[in-house]
Colleague: 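Dropping a structure here in structure tokens format, bear with me for questions.
In what follows, every chain begins at residue 1, and chains take the letters A, B, ... in the order their sequences are listed.
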Number of protein chains: 2
Amino acid sequence: MALSRLDSRFAGNGRREAPEPADCQHEGRVGPCHDCAARQLSVCGVLGDEGLRRLDQLAEHETFSARDILVREGDPAVHLFNITAGAVRVYKLMSDGRRQIVGFLFPGDFLGLATGDRYPFSAEAISAGTACRFSRKSYRKLLAELPDLEAALLERTSDELAAAHNQILLLGRKTAVERLATFLADLAARGRRAGGDGKIVHLPMTRAEIADYLGLTTETVSRVTTRLKTRGVIRLLTLHSLRIENPRELARLAGLDMGGAEAGDG
Amino acid sequence: MALSRLDSRFAGNGRREAPEPADCQHEGRVGPCHDCAARQLSVCGVLGDEGLRRLDQLAEHETFSARDILVREGDPAVHLFNITAGAVRVYKLMSDGRRQIVGFLFPGDFLGLATGDRYPFSAEAISAGTACRFSRKSYRKLLAELPDLEAALLERTSDELAAAHNQILLLGRKTAVERLATFLADLAARGRRAGGDGKIVHLPMTRAEIADYLGLTTETVSRVTTRLKTRGVIRLLTLHSLRIENPRELARLAGLDMGGAEAGDG
DNA sequence: CCGGGGCCTTGATGCAAATCAACGCGGCCT
DNA sequence: AGGCCGCGTTGATTTGCATCAAGGCCCCGG
């Protein structure tokens, strides 16, 4: 009873193509990592050919389906994942069933890096996708030999910590409208970083998952979405994608200080 | 107008003894770091004599008073601090004055490690104390030469991230009672790690600061404290120190899963 | 083509914590 | 010694969001 649904798909060997995204070829010339679509989004980007080759030797390229469980809170932390396609939610549960999603993972994101000997959270796929899986032990060994990689990881972890602090501010002090506006603005910024125009936002997760991320309920997420729609800030294209009609207003609602970094609404 | 109160005390050179704790001598034989009371609490613990010597060369040992500002959100992140005595609060502000404290720092804790080129938060001393100050630039250079130190830092940052995730769970899903109970249990655990008995908890911060940490108001913190007192879970010794009378009940109220790590109520 | 079950939305009501308000206490300055 | 001010506590009231409840939409399977 270790890995439930995961077993059926992960127990094999991976190395089949992803069920959905067609642009991530894991077979190839120099090695799967070399042609990985997520490479520039992840820390692998800092590695040279030699480093990539060594990474390839450790990596197992896996596919997953929606609802597959990648890691389970409390289990021994033996693996480390680098998401290369799809979306994953990372969450913590309380004994009475209350759930808090601590983050969503998209291509380039790490899972299971910052942890002790047991996972402090669970992770479940939101959509089908692919991931590189490493043994944490051998990955650590590799780190010791590739200082660039270790430095990049420290930086990445620092960024995650800064993001967590922003989420703490959101949960501690922001209203429902501010929370959703911040969430949408963040997703838009992420989309921009991944090459999008920052106007169309795709929401692979359900309203309930957004609620569990923002410390709200599905009903409140729904109501606030409606309010943003009515005010002309956003327009729903489908249930799971929308267009930001008024980025400036969205930023204002998000309570952005406009002080420095990510102003500029394009 | 860069560093306000800080200037008057930090602009000099430090190297006077702390105004309050008498057990942290910074003068000494092998170097200040060697005899630092906080050494075993911090990453410096992993270093050998040679590493400590090199660290000493970079460190400036400073004192601070309550209300001194150590870093200001948005300022260029040039320094890195290792708190060696006293307590510091790390916080973020919204433009309308809402405040969220993202963490309290105690001896052994780092400040300004996990950040880009600007501080993403402010930090202000709660009480008088001491800190080692480093230039981030030269510290990074040192890191490249002391792989043990870098690995220790990655681990420390990972721990901070895990703590941030717990705080996210707290702010997103816990009630006021659960929040305060969790806070007190955490402080007790920290005290235990620092050598205390885990029963007496010292609260150097005000009720307002606790509120800003837990996403509540001072009134609610006060009311909930009273309730815990009435229920016999805690006993106030002074305004700023209390005794945990019923650790088991406190843990239960905190919503601890009791699943693994830190059960054991002493 | 119809029925069932997710998922989402909308409305009515309840409640936990915020806000508003008053007061007690203790330290500090005059 | 007296008075001010910051901090903490307690009480009354309000409110933002949760909870409870109902219905719509869409997909999928029979």
Colleague: Look at T226(B) and dT10(D) and indicate whether a side-chain polar atom (N or O) is within less than 4.0 Å of OP1 or OP2.
Modeller: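 Yes, because at least one side-chain N or O of T226(B) sits under 4.0 Å from OP1 or OP2 of dT10(D).
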
Colleague: With hydrogens left out and only the distance checked, is there a donor-acceptor pair under 3.5 Å joining E219(B)'s side chain and the base of dC20(C)?
Modeller: yes

Colleague: Is there a side-chain contact between H240(A) and the phosphate of dC7(C), meaning an N or O under 4.0 Å from OP1 or OP2?
Modeller: no

Colleague: May I ask you to evaluate whether T220(B) reaches the phosphate of dA17(C), defined as a side-chain N or O under 4.0 Å from OP1 or OP2?
Modeller: no

Colleague: For T225(A), report the nucleic acid contact type (base, sugar-phosphate, nothing); a contact means any heavy atom under 4.0 Å.
Modeller: nothing

Colleague: Looking at the rings of F183(A) and Y213(A), which for Trp means the six-membered one, are their centres under 6.0 Å apart?
Modeller: yes

Colleague: Any Lys/Arg nitrogen of R190(B) or D109(B) sitting under 4.0 Å from an Asp/Glu carboxylate oxygen of the other?
Modeller: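 So R190(B) pairs with D109(B) through a salt bridge.
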
Colleague: Whether T217(B) contacts dA18(C) is assessed here as follows: a side-chain N or O lying under 4.0 Å from the phosphate OP1 or OP2. Is that the case?
Modeller: yes

Colleague: Can you give me the closest heavy-atom contact between L93(B) and E73(B), atom names plus distance?
Modeller: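 For L93(B) versus E73(B), the nearest heavy atoms are N-OE1, 3.6 Å.
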
Colleague: Applying a 4.0 Å non-hydrogen cut-off, can you work out what T206(A) is touching in the nucleic acid: base, sugar-phosphate, or nothing?
Modeller: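 It contacts sugar-phosphate atoms only.
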
Colleague: Under 3.5 Å, is there any donor-acceptor pair linking the side chain of R223(A) to the base of dT19(D)?
Modeller: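 Yes.
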
Colleague: CG of L171(B) versus P of dA18(C): gap in Å, rounded?
Modeller: 12 Å

Colleague: Looking at E178(B) and R98(A), is any side-chain nitrogen of the basic one under 4.0 Å from a carboxylate oxygen of the acidic one?
Modeller: yes

